[in-house]
Number of protein chains: 2
Amino acid sequence: MSNAYNRPDQLSPELRRRVLETARRLGYPGPDPVARSLRTRKAGAVGLLLTENLSYAFRDPAALGFLEGLALACEDAGTGLMLIPASPEREDVAAVHRAGVDGFVVYSVPDDDPHLAAVLERPVPTVVCDQPDLTNVDRVGIDDRSAMNELARHLIAMGHRRIGVVCMRLARDRNDGYVSVDRQHAAHFHVQRSRLAGLAMAFSEAGVDWSRVPVVERFDHNTASGESAAAQVLDRDPTITALICTSDILALGAMNEAKRRGLRVPEDLTVTGFDGIHEAERAGLTTVRQPVLEKGRAAGKLLLDVGERTRPRSVNLSTELITGRTASAPRTITEERWFGP
Amino acid sequence: MSNAYNRPDQLSPELRRRVLETARRLGYPGPDPVARSLRTRKAGAVGLLLTENLSYAFRDPAALGFLEGLALACEDAGTGLMLIPASPEREDVAAVHRAGVDGFVVYSVPDDDPHLAAVLERPVPTVVCDQPDLTNVDRVGIDDRSAMNELARHLIAMGHRRIGVVCMRLARDRNDGYVSVDRQHAAHFHVQRSRLAGLAMAFSEAGVDWSRVPVVERFDHNTASGESAAAQVLDRDPTITALICTSDILALGAMNEAKRRGLRVPEDLTVTGFDGIHEAERAGLTTVRQPVLEKGRAAGKLLLDVGERTRPRSVNLSTELITGRTASAPRTITEERWFGP
DNA sequence: TGGAGTGACCGTAACGGTTCAGAACCAATT
DNA sequence: AATTGGTTCTGAACCGTTACGGTCACTCCA
């Protein structure tokens, strides 16, 4: 029976014809994929864990690019891609247990995520993208720290010393406000932690006391967050010359807020982002471009590559500093040089 | 054993503890989801069939909206969403056979699609969105014909009689060029066929000879297609006062081309779209808004709604005519009235 | 004290395929 | 005639789980 469908060469055409004929007559709908998966130990699909309301993935351009790359890799391999329903609010990891997949791709989740823990218990290969950074699990990502460090040096070279920072959520708890250095170090999101560390290192070397740099965190990732965060920083510290945001979305929001206050960018305020999304390019944002689509594709390839099983493997993709039109030397540079930072 | 994991109330805490303890000691990774699916006849996932390069779904805003809505419905139900790798180039329907899912959502495929045929053979519920329009299969969509008809009447009321039309692909074969009335009627894509029919009806009633209206088709759906298609129409028929596009993407391309030619929109040329995507709104496009996210959500709900099994069910969502800034009365309206259309 | 009732626990039979060993058959060789 | 080789076909085992019914010990009440 099985042979009639899957291995036509193993039996005579006559028998095959007869088998298929009776199968049709009996209304047999073809081999059951689940039973097949059980026997062959292959599900023909990979699971994607996002731990974020799923619609986030469809609205955030960076996540979307990743998703597209992953989908392409799966398509190439003829493998299904299953989106696991794991919103942050539901602690219920049953969905992870129920997923009939050959492996998982985990995209940008906090290191204490319960769904991630459930994934790692499953006896299937896993690839983590961006975060967390786990030893003994395959990984795809970028060097967030040095990428941000490079951007910081770029601003420092321009003369910026009085800066403000807007970053994405650092942990699973909501903290829309200022971030202590302790919280920065304890952040459960490796990516944000690294980007802040890159900034801290560069500015410390330039003689700036990092502990006095205002860093504001926002839980939700959208332009409204960027706006309110920028407002919060500018309200407290109107003398800053640059506002560094850890994502383009936040930076676009910050630019809205700057315009609302009548601040010209970059003449009155330098604004920078991170990601290199399309909208940022259109706005001429100074930012760091990371290859989001390639990240997805690399994650898929790594997971589906049955060869090379010398785990763990780690892929670091390269980033590029994009010098746009939103960063320039601060107006008050000479004055600042005089008085010191 | 099974009870220890899934039904703690069926056994004493003591035994449960002992079972779990030994399980851990033996390195038992928890119940196998595939075996469970086989036994319970529930896969806990629905399949999505797109029959379009998967990355299309992530680039086309309308498709993306649908995807988001569907993902939300699945998330609410705690169900996985599996993207089936079925690019149009590969005739290989094995992926459909291999998918361990409880049902399929089919989004906008031609009526002669082989993957669709394979889906319909599977003994699981199916919901089709937009196209094709099959009797005895659940359906979610809009009334494309009357929506487009309403838009046409809007333009007719403004005085437009000399029009050109740009539409998306009408069949699986590539035909980048003019479309005969025969091909319009024979189109394998129900949605495009209906939209053209809505136009044809409105303009025929207004005294326009539909067979002489230039209709140009493009296989690829992007702004470049809109540009070249608009160019093709305007080259042959520079006297048209309105260019009606069957999608916003095409319309945005058409506007680019108009600008390139120094034609002002809407003073020199009226341009309209269809879908109501975000970018169209920003551009002030006159178009028809359809609730893409709701379509996805409705499709998911229909599929997952275990109750009501009086099939087939059909959901028609309502559309809305958006009067933007890209349509106005033709400049030559008095002249045209004098000489007739 | 016996019998019914209750609850905890356990054994077994599907679920629907794939795979593989070996039977059956036929032809060719020794 | 017996052995060998090769092909086609059949049957049984197995994948890991859940549903179900049966066993057993224990309690409660007459």
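Convention: sequence-line order gives letters A, B, ...; per-chain numbering from 1.
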Roughly, in whole Å, what's the span from [atom1] in [X] to [atom2] in [N]?
| X | N | atom1 | atom2 | value |
| --- | --- | --- | --- | --- |
| B:R18 | C:dC10 | CZ | C1' | 12 Å |
| A:Y28 | C:dC15 | OH | P | 13 Å |
| A:D32 | D:dC15 | CG | P | 19 Å |
| A:L38 | C:dT19 | CG | P | 12 Å |
| A:K42 | C:dG17 | NZ | C1' | 16 Å |

Distance-minimising heavy-atom pair for A:D173 and A:F219
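Heavy atoms of A:D173 and A:F219 come nearest at O-CD1, 3.9 Å.
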
Begin with the C-alpha distance, continue with both residues' side-chain angles, and end with the deciding distance and a verdict on side chain to side chain contact (heavy atoms under 4.5 Å, CB included) for B:R59 and A:E68.
CA-CA 9 Å; B:R59 293 192 188 268; A:E68 182 182 343; 2.8 Å; yes

Can you confirm whether more than 12 heavy atoms, excluding those of A:R174, are under 6.0 Å from its CZ atom?
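Yes, because the 6.0 Å sphere around CZ of A:R174 holds more than 12 heavy atoms from other groups.
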
Basic-acidic side-chain contact under 4.0 Å: A:K301, A:D76
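Result for this pair is no, no salt bridge flagged.
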
Taking NZ, NE, NH1 and NH2 as the nitrogens, is one of them in A:E21 or A:R18 under 4.0 Å from a carboxylate oxygen of the other?
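Not counted as a salt bridge, because no side-chain N and carboxylate O are separated by less than 4.0 Å.
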
Residue closer to the 5' end of DNA chain C, B:A35 versus A:R36 (nearest nucleotide)
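Looking at the nearest nucleotide for each, B:A35 comes out on the 5' side.
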
Quiz question: going by heavy-atom distance under 3.5 Å, is there a donor-acceptor pair between the base of C:dA14 and the side chain of B:R39?
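Present.
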
Quick check for you: among C:dT19, D:dG16, D:dT18, whose closest atom lies nearest to any side-chain atom of B:T40?
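Nearest listed nucleotide: D:dT18.
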
Could you tell me whether the side chain of A:V46 reaches within less than 4.5 Å of the side chain of A:C74, counting heavy atoms only?
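Yes, at least one pair of side-chain atoms sits under 4.5 Å.
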
Looking at D:dG16, I'd like to know if its phosphate oxygens (OP1 or OP2) sit under 4.0 Å from a side-chain N or O belonging to A:R41.
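For A:R41, the contact criterion (side-chain N or O under 4.0 Å from OP1 or OP2 of D:dG16) is met.
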
Go ahead and write out DNA chain D as dot-bracket, 5' to 3': ( ) for pairs within the strand, [ ] for ones crossing earlier pairs, | when the partner sits on another strand, dots for unpaired; Watson-Crick or G-U wobble, both distances under 3.5 Å.
||||||||||||||||||||||||||||||

